[in-house]
Amino acid sequence: LAKTTQPISMDSYEGQEVNITCSHNNIATNDYITWYQQFPSQGPRFIIQGYKTKVTNEVASLFIPADRKSSTLSLPRVSLSDTAVYYCLVGYNTDKLIFGTGTRLQVFP
Amino acid sequence: GAGVSQSPRYKVAKRGQDVALRCDPISGHVSLFWYQQALGQGPEFLTYFQNEAQLDKSGLPSDRFFAERPEGSVSTLKIQRTQQEDSAVYLCASSLNLGGVGTEAFFGQGTRLTVV
């Protein structure tokens, strides 16, 4: 599975848009890009998944350039409750999700 | 309860004891996964079942770790002769099927194991 690189931590303020970029230079043709969110003392939670271009749901948007070597998770107007660790995963099957250390997002009032 | 349920939530074991961690996946979910998460780290894959078949156990750290899912629903992760390095959160996840767009894994809250 492709290795991913993302920032260790990010800070933001309530109401701002947060963009977390993930690098995956070795992504394979069949690989999808998936983002999970994890709050303290809870298991990860699926946020969004995409293959190319842009995907949007009620929680976030995922931007994937044409070369697919990176992707950006966009959280619009974050609130304190968005403080969590965000993981970028790349792969085709879900039988072996490979998590990195993730990005710790801290939202301040 | 519509989610993945794990029990116990917390477990303290003396070094050398055997422990058993239980996972109740979402009803009807074919795939079940176990992960180990150390403090400050991302979850690490341990093993995977499709129904009752254990298709991948490459992540189990030693032969002290054993997982089963005999009837294709509830799963148990057993750790024999626990060591301090086994202290971690053990996460269980299930998914409706394997692979493809839109397949997502649903995680339980985990069992925090502390070996003293």
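Letters go in sequence order (proteins before strands), and every chain restarts at 1.
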Does CD in Glu85(B) sit with more than 12 non-hydrogen atoms of other residues, nucleotides or ligands closer than 6.0 Å?
-> yes
Enclosure of Arg15(B) CZ (heavy-atom neighbours >12, cutoff 6.0 Å) = no
Side chains of Pro44(A) and Tyr35(B): closer than 4.5 Å at any heavy-atom pair?
-> no
Within a radius of less than 6.0 Å around CD of Glu44(B), do more than 12 heavy atoms belonging to other residues, nucleotides or ligands occur?
-> no
Enumerate by number any residue of residues 70-80 of chain A whose heavy atoms lie under 4.5 Å from heavy atoms of chain B; in the absence of such residues, state 'none'.
-> none
Path from Phe107(B) to Phe45(B) over hydrophobic side-chain contacts below 4.5 Å | yes
same_hphob_cluster(Leu97(A), Leu32(B)) at 4.5 Å side-chain heavy-atom cutoff = no
Under 6.0 Å from the OH atom of Tyr13(A), do we count more than 12 heavy atoms belonging to anything else shown?
-> no
Name, in order of residue number, those residues of residues 108-116 of chain B that have a heavy atom at a distance of less than 4.5 Å from a heavy atom in chain A; otherwise write 'none'.
-> Gly108(B), Gln109(B)
Ranking Gly40(B), Pro43(B), Cys92(B), Ala93(B) by heavy-atom pairs under 4.5 Å to chain A gives rank one to Pro43(B)
Straight-line distance of Tyr36(A) OH to Glu104(B) CD, nearest 0.5 Å | 6.5 Å
Measure distances from Gln37(B) to the heavy atoms of chain A and classify the residue's part below 4.5 Å as side chain, backbone, both or neither.
-> side chain
If two hydrophobic side chains count as joined below 4.5 Å and joins carry through other members, does Leu91(B) share a cluster with Phe106(B)?
-> no
Cluster overlap Phe99(A) with Leu46(B), hydrophobic side-chain contacts below 4.5 Å | no
Quick one: do Ile33(A) and Ile20(A) end up in the same hydrophobic cluster if we chain Ile, Leu, Val, Met, Phe, Trp and Tyr together by side-chain heavy atoms under 4.5 Å apart?
-> yes
